[in-house]
Amino acid sequence: MTDTTPATTAPFNTIDAVVQALEGAAYYADRRLATAVFLALKLQRPLLLEGEPGVGKTELAKALASALQRELLRLQCYDGLEQREALYEWNYAAQLLHMRAAEAHGASSDVESEVYQPRYLIRRPLLQALQAPAPGAVLLIDEVDRADEPFEAFLLEYLGEYQVSIPELGTVRALVPPVTILTSNRTRELNDAVKRRCLYHWLDYPERERELAIVRAQVPKAGEVLSEQVAAFVARLRSAPFASAFQRAPGIAESVEWARALIALDTVELDPEIVVDTAGILFKQRDDVAALTHELASELLKPSEEEQA
Ligand SMILES: Nc1ncnc2c1ncn2[C@@H]1O[C@H](COP(=O)(O)OP(=O)(O)OP(=O)(O)O)[C@@H](O)[C@H]1O
Ligand SMILES: [Mg+2]
């Protein structure tokens with residue numbers, strides 16, 4: 001099999017350059033994620049990001065598009081998503097008008113082929129991404145686990161070869177392979193064949209320092225003490241033995257929102273009362289909100305052993 005992928009130069013020479021470019025787009029990636037992005041770009045392979053909600057999967061695609069100065073094309077997946085919403089559909093109304101006009105002028109015998117021209121094609125994100133002019137687009141296929149299995153099967157040709165077949169027009173190949181990011185919350189296991197065509201990265205909760213950098217960047221109004229307390233509190237809450245008290249740990253999105261809420265409440269420093277009163281921002285499940293008691297909040301606010309040392 002010959003490699004038909006058009007050659008393009010990779011936009012970053014080093015992994016550090018990826019980290020820095022993403023940081024310039026206000027996205028803080030650790031080295032493992034930056035390595036995955038670097039390789040996806042270099043090898044021109046789709047990148048599948050899996051992880052808990054709110055850990056920055058969707059945001060990575062947005063930040064990467066901004067860092068690369070490429071257009072972001074987004075396909076939001078859901079149960080029942082069909083090819084015509086993802087790839088293309090024919091503009092029936094315009095085709096009909098064409099046929100009527102042709103009839104009125106004494107139709108040529110070739111009306112049928114005339115209506116199947118690219119100009120009657122309504123392009124959806126997957127096709128737009130193939131036809132984006134240089135330097136190409138960033139394509140986000142978001143929450144692919146929500147789409148059904150036939151849709152996943154349809155994605156195979158696309159992800160493997162950056163091409164699709166349109167019966168009336170033939171095969172459409174990418175002008176420039178789109179930088180493709182797929183995300184999944186793992187509500188179901190994806191098809192092995194899809195996974196095999198992608199590089200895989202499990203996006204975990206960030207370590208404390210990185211979360212602190214994100215809070216600082218996104219909530220500059222939060223003072224240093226509060227930002228550090230938020231990052232430390234959430235990090236402890238996600239770690240043993242505390243994590244087991246909750247069904248779902250807060251994501252980065254929740255930490256950022258919490259910092260904003262605390263500012264709105266003129267909080268300078270955390271205390272157990274304010275933690276309990278704002279628990280609905282960290283947790284979105286009733287049992288989890290209830291589990292964050294005054295007692296547990298006090299425990300979580302105590303300096304950890306390493307901080308005491
Ligand atoms: N590494 C990061 N750097 C900067 N901001 C981040 C980072 N990760 C997450 N965020 C912030 O968290 C918010 C939520 O992230 P995002 O929407 O990407 O999560 P997600 O993993 O796609 O979640 P879901 O599975 O619910 O869709 C973003 O809007 C952004 O503000
Ligand atoms: Mg998302």
Side-chain angles (χ1 to χ4, degrees), residues 12 15-38 40 46-68 72-79 81 125 138-147 179-190 198 200-222 227-228 230-231 233-235 237-238 246-264 280-285 288:
F12 300 113
I15 293 162
D16 283 340
V18 175
V19 172
Q20 278 164 20
L22 288 173
E23 223 170 283
Y27 189 91
Y28 296 81
D30 64 13
R31 212 174 157 79
R32 279 188 48 234
L33 174 60
T35 305
V37 170
F38 177 83
L47 176 61
L48 169 61
L49 292 176
E50 281 194 330
E52 302 293 338
V55 292
K57 301 181 295 295
T58 302
E59 193 70 19
L60 174 77
K62 294 186 193 168
L64 192 57
S66 155
L68 293 169
L72 177 71
L73 295 165
R74 179 174 182 170
L75 178 67
Q76 176 64 51
C77 299
Y78 55 87
D79 193 10
L81 172 66
V138 172
L139 172 64
L140 167 62
I141 304 178
D142 213 10
E143 306 189 352
V144 66
D145 52 327
R146 288 175 195 264
V179 173
T180 306
I181 310 279
L182 295 95
T183 80
S184 160
N185 275 338
R186 245 178 148 223
T187 54
R188 67 177 176 86
E189 194 68 40
L190 296 179
C198 301
Y200 178 83
H201 183 78
W202 173 260
L203 200 50
D204 222 330
Y205 295 115
E207 68 291 1
R208 195 177 76 181
E209 277 309 307
R210 196 157 61 89
E211 191 147 25
L212 177 56
I214 296 168
V215 172
R216 277 192 193 125
Q218 301 210 10
V219 196
K221 278 197 192 150
S227 303
E228 286 199 20
V230 164
F233 187 91
V234 177
L237 200 150
R238 288 188 198 124
F246 306 101
Q247 289 167 36
R248 169 155 286 160
I252 301 173
E254 281 72 30
S255 306
V256 168
E257 208 183 329
W258 195 37
R260 289 208 181 103
L262 293 166
I263 296 297
I281 295 177
L282 288 173
F283 297 106
K284 304 285 144 87
Q285 265 154 320
D288 284 347

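Whatever order the structure lists ligands and atoms in, that order sets their numbers, starting from 1.
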Handout entry: Minimum-distance protein heavy atom relative to atom 14 (C) of ligand 1
Key = A253 CB, 3.5 Å
Problem - Gap between atom CG of L190 and atom CD of E50 - 0.5 Å precision - result: 5.5 Å
Completion exercise
Here the atoms of ligand 1 under 4.0 Å from any heavy atom belonging to E143 are 27 (O)
Exercise for the section: Could you establish whether T183 and ligand 1 come within less than 4.0 Å of each other, counting only heavy atoms on the residue side? Expected result: no
Fill in the blank from the handout: For E211 and I252 the tightest heavy-atom approach is OE2-CA, 3.8 Å
Handout entry: Atom of D145, atom of T183 and distance for their closest heavy-atom approach
Key = OD1-O, 4.2 Å
Problem - Least distance between heavy atoms, L47 atom then A40 atom - result: CB-CB, 4.0 Å
Exercise for the section: Find the distance between CD1 (I141) and CG (L73) and round it off to the nearest 0.5 Å. Expected result: 10.5 Å
Handout entry: Option whose closest heavy atom lies nearest to atom 8 (N) of ligand 1, chosen from I252, D145, N185
Key = I252
Problem - Minimum-distance protein heavy atom relative to atom 21 (O) of ligand 1 - result: K57 NZ, 2.8 Å
Handout entry: Spacing of CG belonging to D30 relative to CG belonging to D204, to within rounding of 0.5 Å
Key = 9.0 Å
Problem - atom 28 (C) of ligand 1: the protein heavy-atom neighbour that sits closest, reported with distance to 0.1 Å - result: E59 OE1, 3.5 Å
Fill in the blank from the handout: So CZ of R74 and CD1 of I181: to nearest 0.5 Å the spacing works out to 12.5 Å
Completion exercise
When distances are taken from atom 3 (N) of ligand 1, the protein heavy atom at minimum range is Y28 N, 2.9 Å
Exercise for the section: Taking all non-hydrogen atoms of both residues into account, name the closest pair between V18 and A34 and its distance. Expected result: CG1-O, 3.9 Å
Practice task
Please state whether the rings of W258 and F233 are parallel, tilted or perpendicular, taking 30° and 60° as the class boundaries.
Solution key: tilted
Practice task
Starting from atom 24 (P) of ligand 1, find the nearest protein heavy-atom neighbour and note its residue, name and distance.
Solution key: G54 N, 3.6 Å
Practice task
With heavy atoms under 4.0 Å as the rule, classify the contact between A26 and ligand 1 as side chain, backbone, both or neither.
Solution key: backbone
Completion exercise
heavy-atom search around atom 22 (O) of ligand 1 in the protein gives T58 OG1, 2.8 Å
Practice task
Measure the distance from atom 9 (C) of ligand 1 to every protein heavy atom, then report the residue, atom name and distance (to 0.1 Å) of the closest one.
Solution key: G56 CA, 3.4 Å
Problem - Nearest-neighbour protein heavy atom for atom 31 (O) of ligand 1, which is reported as residue plus atom name and distance - result: Q218 OE1, 2.9 Å
Handout entry: Geometric N/O contact P53 with ligand 1, under 3.5 angstrom
Key = no
Problem - Short N-O contact, R238 and E52, less than 4.0 angstrom - result: no
Completion exercise
So the atoms of ligand 1 within less than 4.0 Å of a heavy atom of R210 turn out to be 1 (N)
Exercise for the section: Tell me whether T183 has at least one N, O or S atom under 2.8 Å from the Mg ion (ligand 2). Expected result: no
